[in-house]
Amino acid sequence: MGMTAVVSAILTLLAGIGIFLVACQMMSSNLESASSAKLKSLFAKASKSKLLGVGIGTVGTAAIQSSGATTVMTIGFVNAGIITLTQAATIIFGANIGTTVTAQIVALGMFGSNALSTTVIFSAFAGIGALVVLFAKSGNVRTWGGILTGFGMLFVGLSLMSGSMEDFAALDGVKTFLAKISNPFLLVLIGAVLTAIIQSSSVMTSIALAMCVTRLISLDQGIFLTMGSNIGSCIVAIIAGITSGTNAKRTALIHLLFNCSGVIVFLVAGCLLMALSGGSQSFGVLFEKIFPGAPQTQLAMFHTFFNVITVMFMLPLTGALVGLVTKMVKEPDAPASEALRLHFVDDNMLKAPPIAVAQTKREILRMAELSMENFDRSIDIVTNLDFSEREVFDRTELEINFINRTLVDFVVRLSDRRGLGGHDKLYLSTVYRTVRDVERIGDYAENIVEYADALSTAGDKFSDEALYEISQLRILVHSLYDKAMSAYTKESLEELEQANVIEEQIDDFTKSMEDGHIERLGKGICNANAGAQYMELSSNTERIADHLINVAKTIRTLKQTKSVALQ
């Protein structure tokens with residue numbers, strides 16, 4: 001084979017890797033979009049159960065075909081304080097099992113040589129999926145067309161990689177060179193470095209599968225390369241953890257220690273097996289006996305076996321592992337005041353857009369809760385003229401404004417991500433107005449505190465009748481808040497109508513407050529200054545009710561679009 005053929009084989013390998021990576025990304029984004037609702041409910045079930053955490057990680061990774069996305073998303077959850085380190089550890093354990101599904105699919109596609117191979121059959125799905133995407137009118141159908149296209153392209157890339165390996169296998173020099181690399185530790189290192197560069201353990205494992213099938217390397221060499229790929233895959237989590245909080249860094253370290261522990265255990269076990277058998281037995285020999293004549297299956301099954309056994313070994317040690325990383329990565333010195341941050345979303349969640357959408361809604365609900373807390377503080381301040389909570393009020397207002405700016409920026413970036421379903425995209429389009437409505441509630445609460453300042457400065461206060469009416473208005477606003485947020489959370493039109501009824505009651509009540517004020521003013525019960533602040537308070541509270549009902553009304557657009565989509 002001449003130099004031209006060697007260069008051609010290298011370029012073919014690069015082309016295969018490129019197509020394989022694009023296929024993985026296409027499958028992942030479309031699978032996320034197709035299973036967004038299930039993914040949301042799945043990750044919402046994360047609890048203290050270790051086995052449940054492993055199951056969530058396994059199923060979630062198998063569903064979206066990306067252990068990197070699952071791990072980065074888990075880091076985001078930890079950083080946002082949604083799950084504990086222990087829960088994150090078990091989800092990552094499961095992600096390592098779920099990622100082996102790709103290797104099993106690739107191995108299945110390598111069968112068939114004389115007859116029509118499964119690689120050719122599966123590759124045809126790329127064309128079928130592309131035609132579906134081209135001609136389908138339904139968004140859901142196009143999503144499934146994208147999944148088929150990605151699935152087919154997976155095998156197109158695999159075919160190119162396998163072809164390049166066959167060319168390399170024809171070179172005696174290449175085979176001689178590779179045969180000399182028999183040191184398990186060196187092979188693990190090579191697998192780790194290459195995976196870290198490619199940032200995809202699936203690609204590295206698939207290359208190892210192709211090399212084993214073409215007899216370019218032995219099964220034992222492929223096993224050690226695959227073990228190394230598990231370590232190299234941690235680079236994604238490490239990058240995500242470095243830019244995040246303390247617990248996120250700990251989660252990334254858990255991922256690295258877990259994968260390294262598995263490799264160390266299997267390296268020691270492999271060496272013992274070789275020593276006790278006098279060199280006649282190894283993991284490769286064992287799997288060749290169990291799955292004779294199918295090197296692709298042998299390596300794929302070892303990959304699954306390796307990760308399952310590692311999880312079984314490490315699961316009882318989860319508490320110790322969490323304790324170790326907690327000692328290794330210490331909390332930074334606490335600042336004088338806690339830094340402002342989003343509690344339910346994190347940039348790492350952009351890797352899993354459907355989950356990020358669900359968390360965005362939780363962040364909005366938290367923002368609404370903070371705004372209502374400040375509304376309550378403002379009513380307490382203006383009715384009691386007690387300013388002891390003023391500092392807390394001001395700090396909360398700063399946090400509301402921070403969420404307003406930061407969450408909108410997050411949603412802008414989230415809206416550009418692939419993998420979002422039609423409903424999620426539409427929901428995100430409503431978020432900008434919703435966040436502004438919630439932020440305005442805080443602004444009106446701030447106005448009410450200013451009315452308290454005016455009363456205090458003038459030495460005035462509200463009459464008992466006025467205080468009673470304010471207390472009743474406060475009760476109505478809280479009833480509206482509860483019903484509006486429930487409607488918004490559940491997307492319930494029935495509860496929206498109930499919220500509308502309460503909002504109308506607030507409108508009527510504020511009008512009666514105006515009538516009562518005029519009557520008291522005529523009787524001399526209250527003076528002009530107190531009356532002016534009272535009327536402004538009534539008007540501002542009525543506007544708070546308007547913004548609350550605006551938040552709930554966004555579900556009408558979501559419901560109408562969903563109804564059209566189902567027709």
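A search for side chain to side chain contact (heavy atoms under 4.5 Å, CB included) contacts involving Asn529 returns Leu455, Ala458, Asp460, Asn527, Gln533, not counting sequence neighbours. With sequence neighbours excluded, the residues that form a salt bridge (charged side-chain N to carboxylate O under 4.0 Å, His left out) with Asp443 are Arg440. With sequence neighbours left out, the side-chain hydrogen bond (donor to acceptor under 3.5 Å, both in side chains) criterion links Tyr488 to Tyr427.
The closest donor-acceptor contact from the side chain of Thr149 to the backbone of Ala130 lies under 3.5 Å. Counting only distance, with no hydrogens or angles, the side chain of Thr99 and the backbone of Ala95 share no donor-acceptor pair below 3.5 Å. Side-chain N or O atoms of Asn384 include none that pairs as donor or acceptor with a backbone N or O of Asp386 at under 3.5 Å. Within the 3.5 Å criterion, the main-chain N or O of Ile379 finds a donor-acceptor partner in the side chain of Thr383. In this structure a side-chain-to-backbone donor-acceptor pair under 3.5 Å is present from Ser429 to Leu426. A donor-acceptor contact shorter than 3.5 Å is absent between the side chain of Ser492 and the backbone of Ala487. With hydrogens and angles disregarded, a donor-acceptor distance shorter than 3.5 Å links the side chain of Ser415 to the backbone of Val411. For the pair Gln359 (side chain) and Val345 (backbone), a donor-acceptor distance under 3.5 Å is absent.
Among residues at least two apart or in separate chains, salt bridge (charged side-chain N to carboxylate O under 4.0 Å, His left out) pairs with a member in residues 497-517 are Glu497-Arg556. Here salt bridge (charged side-chain N to carboxylate O under 4.0 Å, His left out) pairs that include residues 533-550, with residues two or more places apart or in two chains, number zero. Listed by first and then second residue, the ring pair (Phe, Tyr, Trp, His ring centres under 6.0 Å) pairs that reach into residues 364-408 come to none, sequence neighbours excluded.
You'll find the side chain of Val412 reaches within 4.5 Å of the side chain of Tyr432, heavy atoms only. In this structure, Met485 and Val551 have side chains that are in contact, with non-hydrogen atoms separated by less than 4.5 Å. Inter-residue side-chain proximity for Ile555 and Lys490 is flagged as unmet; no heavy-atom pair is nearer than 4.5 Å. For the pair Arg250/Thr326, a side-chain contact is recorded, criterion being any heavy-atom separation below 4.5 Å from C-beta on.
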Q) Does the side chain to side chain contact (heavy atoms under 4.5 Å, CB included) test come out yes or no for Glu363 and Thr360, once each step is laid out? A) CA-CA 5 Å; Glu363 196 70 60; Thr360 297; 5.6 Å; no
Q: Using the side chain to side chain contact (heavy atoms under 4.5 Å, CB included) rule, take Leu476 and Leu480 through it: C-alpha gap first, then chi angles, then the decisive distance, then the call.
A: CA-CA 6 Å; Leu476 281 173; Leu480 174 60; over 6 Å; no
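Arg405 and Asp409 are not joined by a salt bridge, as no carboxylate oxygen comes within less than 4.0 angstrom of a charged side-chain nitrogen. Using a cutoff of 4.0 Å between basic side-chain nitrogens and carboxylate oxygens, Arg377 and Asp394 are not scored as salt-bridged. Using a cut-off of 4.0 Å between Lys/Arg side-chain N and Asp/Glu carboxylate O, Arg474 and Glu469 are scored as not salt-bridged.
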